[in-house]
Amino acid sequence: MQSTNSKNRFDKKDSLELGDSAEELFILMAVRLGWKISASTKDENIEEHWDYLIEKENQQFKVEVKAEKRIQRSDSGLQNKFTWVELRNVRGKVGWLFGKADLIAFEKEKAFFFVKRLELLALVNQKVNLVAKVKSAKDALYKIYTREGRKDKLTLLPTSDIEPIMFIEWKK
């Protein structure tokens, strides 16, 4: 399946490649686990914020796949202790938290773990101070972070906050 993602002018490292790699692994795992999988169109990916439709027996889910991430772009390595959540995208439009995905699949070191998007939204509403704005990624825990020169709004949650709402897990 061809990726519908493209590198943006802010990506000076390997964010696109990490995302594409996570999606490739997701596809392989879905097929191995017996899921029928089809990719979103470019418009569905950009406007509706979902990457793949997976189907098996009487189950069907639109899934947004998220690769492991750094806290700050300057960090040398990826980490699993915290998870970025996008409320607004770089164009200032609704972020993937408000998209049409049923599930968000977060890549972690040894698995993909899935959460229901609406349960994650409820968690963000419960935990995040939506009026507290910060200018540094390292200060984004439970606060709203906007990257310089962009219109996005992101927040950082401890992965331990998200694990209790895990829906399913695919071990690598």
Would you sort out whether Arg147 and Asp152 count as a salt bridge (charged side-chain N to carboxylate O under 4.0 Å, His left out), showing the intermediate values? CA-CA 7 Å; Arg147 294 176 283 186; Asp152 55 4; 2.5 Å; yes
Worked check of side chain to side chain contact (heavy atoms under 4.5 Å, CB included) between Trp35 and Phe26: CA-CA 11 Å; Trp35 290 89; Phe26 178 86; over 6 Å; no
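Summarising the geometry of Leu141 relative to Pro158, their closest heavy-atom pair is CD1-CD, 3.5 Å, with the distance given to 0.1 Å. Between Lys66 and Ile104, the closest heavy-atom pair is CG-CG2, 3.7 Å.
Under a hydrophobic clustering in which Ile, Leu, Val, Met, Phe, Trp and Tyr are joined whenever their side-chain heavy atoms come within less than 4.5 Å, directly or via other members, Ile168 and Leu28 fall into different clusters. Under a hydrophobic-cluster definition in which Ile, Leu, Val, Met, Phe, Trp and Tyr are linked whenever side-chain heavy atoms come within less than 4.5 Å, directly or via other members, Leu156 and Leu78 are assigned to different clusters. By the criterion of side-chain heavy atoms lying less than 4.5 angstrom apart, applied directly or through intervening Ile, Leu, Val, Met, Phe, Trp or Tyr residues, Leu157 is grouped together with Leu97 in one hydrophobic cluster. Note on Leu25: it clusters hydrophobically with Ile37, by side-chain heavy-atom contacts below 4.5 Å among ILVMFWY residues. Linking Ile, Leu, Val, Met, Phe, Trp and Tyr whenever their side-chain heavy atoms come within less than 4.5 Å puts Ile162 and Ile144 in one cluster.
Counting non-hydrogen atoms of other residues, nucleotides and ligands closer than 6.0 Å to NZ of Lys143 gives a total of 12 or fewer.
Here the side chains of Tyr145 and Lys153 are not in contact, with every heavy-atom distance at 4.5 Å or above. Looking at Ile27 and Glu24, their side chains never come closer than 4.5 Å, going by heavy atoms from C-beta outward. Using a 4.5 Å cut-off on side-chain heavy atoms (C-beta onward), Leu87 and Val94 make no contact. Counting only heavy atoms from C-beta outward, the side chains of Leu103 and Lys116 approach each other to under 4.5 Å. You'll find the side chain of Val85 stays beyond 4.5 Å of the side chain of Leu154, heavy atoms only. In this structure, Val63 and Phe114 have side chains that are in contact, with non-hydrogen atoms separated by less than 4.5 Å.
Atom-to-atom distance recorded for His49:NE2 and Ser40:OG is 11.0 Å, nearest 0.5 angstrom. The line from CD1 of Ile165 to CG of Leu118 is 10.5 Å long, rounded to the nearest 0.5 Å. From Lys62, atom NZ reaches atom CD of Glu55 across 11.0 Å, with rounding to the nearest 0.5 Å.
A salt bridge is absent between Lys42 and Glu44; no separation between the charged side-chain nitrogens and carboxylate oxygens falls under 4.0 Å.
Side-chain polar atoms of Tyr52 and Glu64 form no donor-acceptor pair below 3.5 angstrom.
Applying the side chain to side chain donor-acceptor pair (under 3.5 Å) test to pairs two or more places apart or on separate chains, those with a residue in residues 157-172 are Thr83-Thr159, Glu107-Lys172, Tyr142-Asp161, Glu169-Lys171. For residues 117-127, there are no side chain to side chain donor-acceptor pair (under 3.5 Å) pairs, not counting sequence neighbours. Counting only residues at least two apart or on different chains, no side chain to side chain donor-acceptor pair (under 3.5 Å) pair has a member in residues 84-98.
Within the hydrophobic cluster formed by Ile, Leu, Val, Met, Phe, Trp and Tyr side chains joined at under 4.5 Å, directly or through other members, Trp50 is accompanied by Leu53.
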Throw together a table of side-chain donor-acceptor distances under 3.5 angstrom for residues 128-137, partners on residues two or more places apart or in other chains.
{"unit_1": "Asn129", "atom_1": "OD1", "unit_2": "Val131", "atom_2": "N", "d": "3.1"}
{"unit_1": "Asn129", "atom_1": "OD1", "unit_2": "Ala132", "atom_2": "N", "d": "3.2"}
{"unit_1": "Lys133", "atom_1": "NZ", "unit_2": "Leu130", "atom_2": "O", "d": "3.3"}
{"unit_1": "Ser136", "atom_1": "OG", "unit_2": "Lys138", "atom_2": "N", "d": "3.4"}

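Formation of a donor-acceptor pair under 3.5 Å by the Glu57 side chain with backbone atoms of Gln59 is not found in this model. Lys56 contributes a side-chain N or O that, together with a main-chain N or O of Leu33, makes up a donor-acceptor pair within less than 3.5 Å.
Proximity of the aromatic rings of Phe106 and Phe113 is defined here by a centroid distance below 6.0 angstrom, and this criterion is met.
With sequence neighbours excluded, no residue forms a ring-ring contact (aromatic ring centres under 6.0 Å, His included) with Phe82.
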